[in-house]
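Remarks on the structure that follows.
Convention: sequence-line order gives letters A, B, ...; per-chain numbering from 1.
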Protein chains: 2
Amino acid sequence: MANLMTEMLKGTLEGIVLQILSGQPAYGYEITARLRANGFTDIAEGTIYALLIRIEKRGLVDVDKRPSEKGPPRKVYSLNALGQDYLNEFWRTWSFLAEHLDQLRNGGSR
Amino acid sequence: MANLMTEMLKGTLEGIVLQILSGQPAYGYEITARLRANGFTDIAEGTIYALLIRIEKRGLVDVDKRPSEKGPPRKVYSLNALGQDYLNEFWRTWSFLAEHLDQLRNGGSR
DNA sequence: ACTGGTAGATAGTAGCACTAAGTACCGGAG
DNA sequence: CTCCGGTACTTAGTGCTACTATCTACCAGT
């Protein structure tokens, strides 16, 4: 059975990660941990890595590889100008959706 | 380039349609028209029909076929008890997501 | 030597919205 | 009478996204 949250995250998870990166640069493992701390306990690690590669290919983030004291080198992602534009667009779309859903929920379907 | 809204609708469009049906029974064409009137101008007709068939197969709605004065017979969908449960669950999930996104947006990522 | 925590990559799967094309029915314009 | 436009529904195929599962790699402590 498909999970409701799984489907709802499609499209929004990307914005969530970009928003996190807009605060400060971060690497994958850190982002996953931050998400979990933030209540999104069920998001798989692999999902985040795949997403990061995707937004990197789209040129929304810059990457800086630096050695870690523990384990393999980290890939530190930071939001660039294009990413910021995309993030703004994301929030505009989200606001539209959230507004209309609220409206629909409160009987305002007429 | 993938549309932001398209991806964001995944998972939520289903809830939107169920919410519309919770007010009163409706048929596909009508639902499409209502969505368009509600600001969702870019939702394709085919999408709604596919979605309706899906939720019918899952047993979330009951179907009543009745002749139309214009064109082929309408398939009138109405929300049943299982659908209502699912809708409640949908709103709970949505609220969680909306809350956490708001929190994240207002610098509350720490 | 082994376990556990840190860090990332990837092949395969399922679900969803979209595109595009079609069927079917009817009324009115030409 | 034929054609067009509006109503109403169907369906095959596509692309994108999150998930599962598994793998590599590095290091510290026992």
Side-chain angles (χ1 to χ4, degrees), chain A residues 1-18 25-36 40-58 60-61 63-77 86 90 93 97, chain B residues 1-18 25-36 40-58 60-61 63-77 86 90 93 97:
Chain A
M1 201 72 60
N3 201 2
L4 258 176
M5 183 59 88
T6 293
E7 289 307 321
M8 244 185 250
L9 278 175
K10 288 186 179 173
T12 60
L13 184 57
E14 204 172 281
I16 291 173
V17 170
L18 289 175
Y27 54 98
Y29 194 79
E30 189 186 0
I31 293 170
T32 307
R34 187 109 47 110
L35 283 173
R36 290 202 207 284
F40 298 101
T41 51
D42 293 333
I43 293 180
E45 249 190 287
T47 299
I48 298 302
Y49 289 114
L51 189 153
L52 287 172
I53 288 172
R54 215 158 59 222
I55 61 179
E56 182 190 350
K57 274 186 187 153
R58 285 203 204 138
L60 305 180
V61 289
V63 186
D64 184 26
K65 207 161 203 165
R66 41 183 104 158
S68 159
E69 298 123 23
K70 311 195 54 157
R74 299 167 173 169
K75 281 177 74 176
V76 178
Y77 295 87
Y86 190 85
F90 167 80
T93 307
L97 196 61
Chain B
M1 200 71 61
N3 201 0
L4 261 175
M5 183 60 86
T6 292
E7 290 306 324
M8 243 184 247
L9 277 175
K10 286 183 180 176
T12 59
L13 184 55
E14 203 171 280
I16 291 172
V17 169
L18 289 176
Y27 55 98
Y29 194 79
E30 187 185 0
I31 293 171
T32 306
R34 187 109 46 111
L35 284 173
R36 289 203 207 284
F40 299 100
T41 50
D42 293 333
I43 294 180
E45 248 191 287
T47 300
I48 299 301
Y49 288 113
L51 190 156
L52 287 171
I53 288 172
R54 213 159 59 225
I55 61 178
E56 181 189 349
K57 272 185 187 153
R58 284 205 205 137
L60 305 179
V61 288
V63 187
D64 184 26
K65 206 161 205 165
R66 40 183 107 156
S68 158
E69 299 121 23
K70 311 195 51 155
R74 298 166 174 168
K75 280 176 74 177
V76 177
Y77 295 86
Y86 190 85
F90 167 81
T93 307
L97 196 61

Using whole Å, report how far [atom1] of [X] lies from [atom2] of [N].
X     : N      : atom1 : atom2 : result
B:L51 : D:dC9  : CG    : P     : 14 Å
A:R66 : C:dG8  : CZ    : P     : 11 Å
A:E7  : D:dT17 : CD    : P     : 13 Å
B:D64 : D:dC9  : CG    : P     : 12 Å
A:M8  : D:dA18 : CE    : P     : 14 Å
A:K65 : C:dG8  : NZ    : P     : 9 Å
A:K10 : C:dG15 : NZ    : P     : 9 Å
B:D42 : C:dC16 : CG    : P     : 21 Å

Is the phosphate of [N], meaning OP1 or OP2, less than 4.0 Å from a side-chain N or O of [X]?
X     : N      : answer
B:Y49 : D:dC9  : yes
A:R54 : D:dT17 : yes
A:Y27 : C:dA7  : yes
A:T6  : D:dA18 : no
A:K75 : C:dA9  : yes

(request) Please report the closest heavy-atom contact between A:T12 and B:M8, naming both atoms and the distance. (result) CG2-CG, 3.6 Å
(request) Can you see which heavy atom on B:E14 is nearest to which on B:Y86, and at what distance? (result) OE2-OH, 2.9 Å
Under 4.0 Å, counting only non-hydrogen atoms across every strand here, what does [X] touch: a base, just sugar-phosphate, or nothing?
X     : value
A:L52 : nothing
A:E30 : nothing
A:G28 : sugar-phosphate

(message) Would you say that B:L52 contacts B:Y77 through its side chain, given a criterion of any heavy-atom pair below 4.5 Å between the two side chains?
(response) yes
(message) Is the shortest side-chain heavy-atom distance between A:T47 and A:L9 below 4.5 Å?
(response) no
(message) Here's a test of your reading of the structure: between A:A50 and A:P72, which maps to the more 5' nucleotide of DNA chain C?
(response) A:P72
(request) Could you tell me whether B:R74 and B:E30 make a salt bridge, using a distance below 4.0 angstrom between a side-chain N and a carboxylate O? (result) no
(request) From the options C:dT6, C:dA17, D:dA8, select the nucleotide whose nearest atom is closest to the side chain of B:T47. (result) C:dA17
(request) Nearest-nucleotide wise, let me know which of B:R74 and A:P73 is further upstream toward the 5' end of DNA chain D. (result) B:R74
